[in-house]
Amino acid sequence: MLACRPTDAVPRDASSRLLRSSDTWFLLMHDIRLLRDQLDVLRDGMRRRGKLGEFAPLLDRAESLERERRAAITDLEGQQARRNQLSQEVAQRRKAGDDATALMAEGRAIGDEITALESRRAGAEAAVAQLMYELPNITLADVPEGGEEANTIVRSWGTPRTDGASLKPHWEIGEALGILDLPRGAKISGSGFIVYRGLGARLVRALMNMMLDTHTDEHGYEECWVPLVVNRASMTGTAQLPKFEDDMYALRDEDLFLIPTAEVPVTNLYRDEILEASELPKRLCAYSACFRREAGSAGKDTRGLLRVHEFDKVELVRYATPESALQELELLTSQAEVILQRLGLPYRVVLLAAGDTGFASAKTYDLEVFAPGVGKWLEVSSCSLFTDFQARRANIRYRPAPGEKPRFVHTLNGSALAFSRIIASLFEHWQQPDGSVVIPDALQPHFGRRELR
RNA sequence: GGAUAGGUGGCCGAGUGGUUGAAGGCACCGGUCUCGAAAACCGGCGUACCGGCAACGGUACCGUGAGUUCGAAUCUCACCCUGUCCGCCA
């Protein structure tokens, strides 16, 4: 139950609403109609991510499979209509006391055809779905084309310390103060697992309270405390699955996963529900531990707190109408920035280029804080607008007005903020020549002291 | 973990093999009435897919999946979830 390992399983969760039957076919990452009517939109989306070469053949295959799927449905439904008609006749004849054996025999034959057509439909459908699962979201028009090199710094705040040469990295500071115990973290769990002790542990608790208090009291978010273990349907709803299963910790005996971010449980809170327009924008926040295998990044940032398997984070989640979503991304980003400003840590806001934007995201701002001890900008927040990409998969809708048809919400989220890198930056930025670390004013009421020493 | 009762539309709730997409109620929308509102009354009101320019026609969906049958919300099996009782436990 508690042992963790990645699984290589394909979707098998009975509660998953995906890939089930034609009635839930619409629950896909993209509106399937794009494949028929606006293939060029999908193509252009992949091109902007610099992945047209990778995805063009896939799109062509998907397009023809989609045509096959519809042809199968047309045939299938024709036969089903015949069967329904026939059954009615059987019923009538029986009622009248007439013989119906010939009709029943015909019905059996139709039944066989239906079975065949059904598997043809299911085959085409599964094939299209599998291809569509591979397709990332389409980035918005104002997202720069290209890869990481096209990321754009949109603004910055504060001034990085310039005495970097004489500054220590956070792990030296933390260990010297006895508040960071990396060797014992490695002993009890493995490398990339952190033990905070004494004032270090208290600092984590203070950060949690400061961030949550700010977002609930000042920004109007509802505080949630959510499970750290979620099922496959939730992981699929926010698009961690099926593509990134290797990055997750999975439980051994049950089809459950440790969350990589509170985004997963919080966004899935309203999975398969229809909200009233008056409930939007929905504003939810949660503290959680986050678990990441970091498969494929071995050797990168191995020291200290920069890349760990378990870290803490306060997450902001919003459900918006499509009309207000873009504005709300700006708002959400600024709310995350407030925390950095209050901690007095210099940071910059980076608009990610299309190729660097996450799989499910349509537009992302990263917040990078400067850590002068290691001389690096650290990503401490990623604020994203997912348009309806997640809402389709998780089937989260709202009714624009009473009596109107439901529409998919637009989901957003952002860290505000990730603790471990904040702690790294905080140690390094606020370190003093005597080895102590000053606690920023805004944190003092939560922390109860003015310095670490 | 054991026993037991259940899972039906936005919500509640009828329905045990044949016009049941599903009675009834609530909510919601439109109307009558009213100075206005409430109440009352009348009408409307699920989701998705396929075909069609459209009007419209068709199909699927009663927790999930598989099966029996000419025909399944209704019968069978498996699984998931919920309630109740017992056991265990922070």
Side-chain angles (χ1 to χ4, degrees), chain A residues 1-2 9-28 30-37 65-115 117-122 124-126 128-129 132 225 227-234 236 251 253-256 268 270-280 388 391-409:
Chain A
M1 170 73 190
L2 290 175
V10 292
R12 60 190 141 92
D13 183 0
S15 67
S16 169
R17 303 289 302 276
L18 300 163
L19 289 177
R20 196 178 63 201
S21 54
S22 52
D23 68 300
T24 48
W25 170 249
F26 69 102
L27 300 177
L28 275 174
H30 285 294
D31 188 336
I32 197 69
R33 274 166 289 228
L34 286 176
L35 258 192
R36 320 176 209 161
D37 306 335
L65 280 165
E66 164 60 12
R67 251 182 292 130
E68 158 64 10
R69 183 184 75 91
R70 276 180 291 144
I73 287 175
T74 304
D75 294 350
L76 172 66
E77 294 188 346
Q79 290 304 91
Q80 286 173 323
R82 258 183 84 201
R83 180 184 65 186
N84 289 346
Q85 211 179 343
L86 204 71
S87 300
Q88 294 302 330
E89 281 179 47
V90 171
Q92 280 166 14
R93 287 214 183 185
R94 288 204 154 183
K95 213 176 245 173
D98 294 341
D99 174 64
T101 49
L103 288 179
M104 284 162 68
E106 195 183 337
R108 263 189 292 277
I110 293 176
D112 291 343
E113 271 184 73
I114 287 176
T115 304
L117 286 168
E118 170 58 32
S119 75
R120 184 177 141 209
R121 194 219 84 226
E125 188 167 302
V128 181
M132 294 298 278
W225 193 275
L228 306 180
V229 176
V230 297
N231 59 29
R232 182 172 292 271
S234 295
T236 308
L251 300 199
D253 295 330
E254 295 182 63
D255 201 24
L256 298 171
N268 275 283
Y270 290 89
R271 171 151 50 83
D272 292 326
E273 295 192 36
I274 299 174
L275 297 155
E276 297 299 328
S278 58
E279 296 178 77
L280 300 179
D388 61 359
R392 282 180 185 282
R393 301 168 69 120
N395 193 23
I396 306 164
R397 292 175 293 173
Y398 77 102
R399 207 177 288 282
E404 279 188 41
K405 281 188 169 284
R407 301 169 74 192
F408 291 110
V409 301

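If you're wondering where the values come from, they're calculated on a predicted model, not measured in any experiment. Below, read A as the first sequence line, B as the second, and so on, with proteins coming before strands; counting in each chain starts at 1. Below, all heavy atoms of this structure are taken into account, side chains as well, without hydrogens, waters or symmetry copies.
Using atom P as the reference point in both B:G83 and B:C26, the two lie 29 Å apart (nearest Å). Atom P of B:G46 sits at a distance of 24 Å from the matching atom of B:G7, rounded to the whole Å. The gap from the P atom of B:U47 to that of B:C11 amounts to 13 Å, rounded to the nearest Å. To the nearest whole angstrom, the two P atoms, one in B:G18 and one in B:C85, are 38 Å apart. Nucleotides B:G2 and B:G9, compared at atom C1', are 36 Å apart to the nearest Å. For the C1' atom pair drawn from B:A27 and B:U82, the interatomic distance equals 24 Å after rounding to whole Å. Annotation: B:G17 and B:C70 have their C1' atoms spaced 12 Å apart (nearest Å).
Closest to the side chain of A:V90, from the set B:C70, B:G51, B:U47, is B:C70. Comparing B:C70, B:U47, B:C49 by their closest approach to the side chain of A:M104 singles out B:C70. Comparing B:U47, B:C49, B:C70 against the side chain of A:R399 picks out B:U47 as the nearest. Proximity note for A:R94 (side chain, C-beta onward) versus B:C49, B:G10, B:C70: the nearest is B:C70.
More than 12 non-hydrogen atoms from other residues, nucleotides or ligands lie less than 6.0 angstrom from CD of A:E273.
Whole-Å rounding puts the A:E273 CD to B:G9 C1' distance at 15 Å. In this structure, A:D75 places its CG atom 11 Å from C1' of B:C50, rounding to the nearest Å. For the pair A:R392 CZ and B:A48 P, the computed distance is 11 Å after rounding to whole Å. Separating the CD atom of A:E89 from the C1' atom of B:U19 is a distance of 14 Å, rounded to the nearest angstrom. As a whole-Å value, the separation of A:I114 CD1 from B:G58 P is 16 Å. At whole-Å resolution of the value, CZ in A:R393 and P in B:A48 are 19 Å apart. Between the CD1 atom of A:I274 and the P atom of B:A48 there is a distance of 8 Å, rounded to whole Å. The CD atom of A:E66 sits 11 Å away from the P atom of B:C49 (whole-angstrom rounding).
Closest-nucleotide positions on RNA chain B for A:A71 and A:A91 were compared, and the one nearer the 5' end corresponds to A:A91.
The base-pairing partner of B:C88, taking Watson-Crick or G-U wobble contacts with both distances under 3.5 Å, does not exist among the strands shown. Partner assigned to B:A27 is none, using Watson-Crick or G-U wobble distances below 3.5 angstrom. Look at B:G83: its Watson-Crick or wobble partner, with both distances under 3.5 angstrom, is B:U4. In a base pair of the Watson-Crick type (N1 to N3 plus N6-O4 or O6-N4) or a G-U wobble (N1-O2 and O6-N3), with each distance short of 3.5 Å, B:C49 is matched with B:G58. Across every strand in view, B:G36 sits unpaired, with no contact that passes the Watson-Crick or G-U test at under 3.5 angstrom. Under the Watson-Crick or G-U wobble criterion, with both distances below 3.5 Å, B:G17 is left unpaired in every strand shown. Within the shown strands, nothing qualifies as a pairing partner of B:A22 under the Watson-Crick or G-U definition with both distances less than 3.5 Å. Base pairing analysis places B:U64 opposite B:A78; the two distances defining the Watson-Crick or G-U wobble pair are each below 3.5 Å.
OP1 or OP2 of B:A48 sits under 4.0 Å from a side-chain N or O of A:K405. Contact between the side-chain N/O atoms of A:R70 and the OP1/OP2 oxygens of B:G51 is found at a separation under 4.0 Å. Side-chain N/O atoms of A:R108 include none lying less than 4.0 angstrom from OP1 or OP2 on B:G71.
With A:L103 as the fixed residue, the side chain to side chain contact (heavy atoms under 4.5 Å, CB included) test singles out one of A:R108, A:R94, A:R93: A:R93.
A distance-only check finds no donor-acceptor pair linking the side chain of A:D388 to the backbone of A:F408 [under 3.5 Å]. In this structure, A:R393 contributes its side chain and A:T236 its backbone to a donor-acceptor pair below 3.5 Å.
Checking A:S234 against A:N231 by side-chain atom types alone, a donor-acceptor pair falls below 3.5 Å.
Note that CD of A:Q79 is 6.5 Å distant from CD1 of A:I114, once rounded to the nearest 0.5 Å. Summarising the geometry, atom CD belonging to A:E68 is positioned 4.5 Å from atom CZ belonging to A:R120; distances are rounded to the nearest 0.5 Å. In this structure, the separation between CG on A:L76 and CZ on A:R70 is 15.5 Å, given to the nearest 0.5 Å. A:E118 contributes atom CD, which lies 9.5 Å from atom CD1 of A:I73 (distance to the nearest 0.5 angstrom).
Looking at residues 76-84 of chain A, you'll see A:E77, A:Q80, A:A81, A:R83, A:N84 sit with a heavy atom under 4.0 Å from some atom of RNA chain B.
Between A:A124 and A:L65, the closest heavy-atom pair is CB-O, 4.1 Å.
Counting non-hydrogen atoms under 4.0 angstrom, A:K95 reaches nothing in the nucleic acid.
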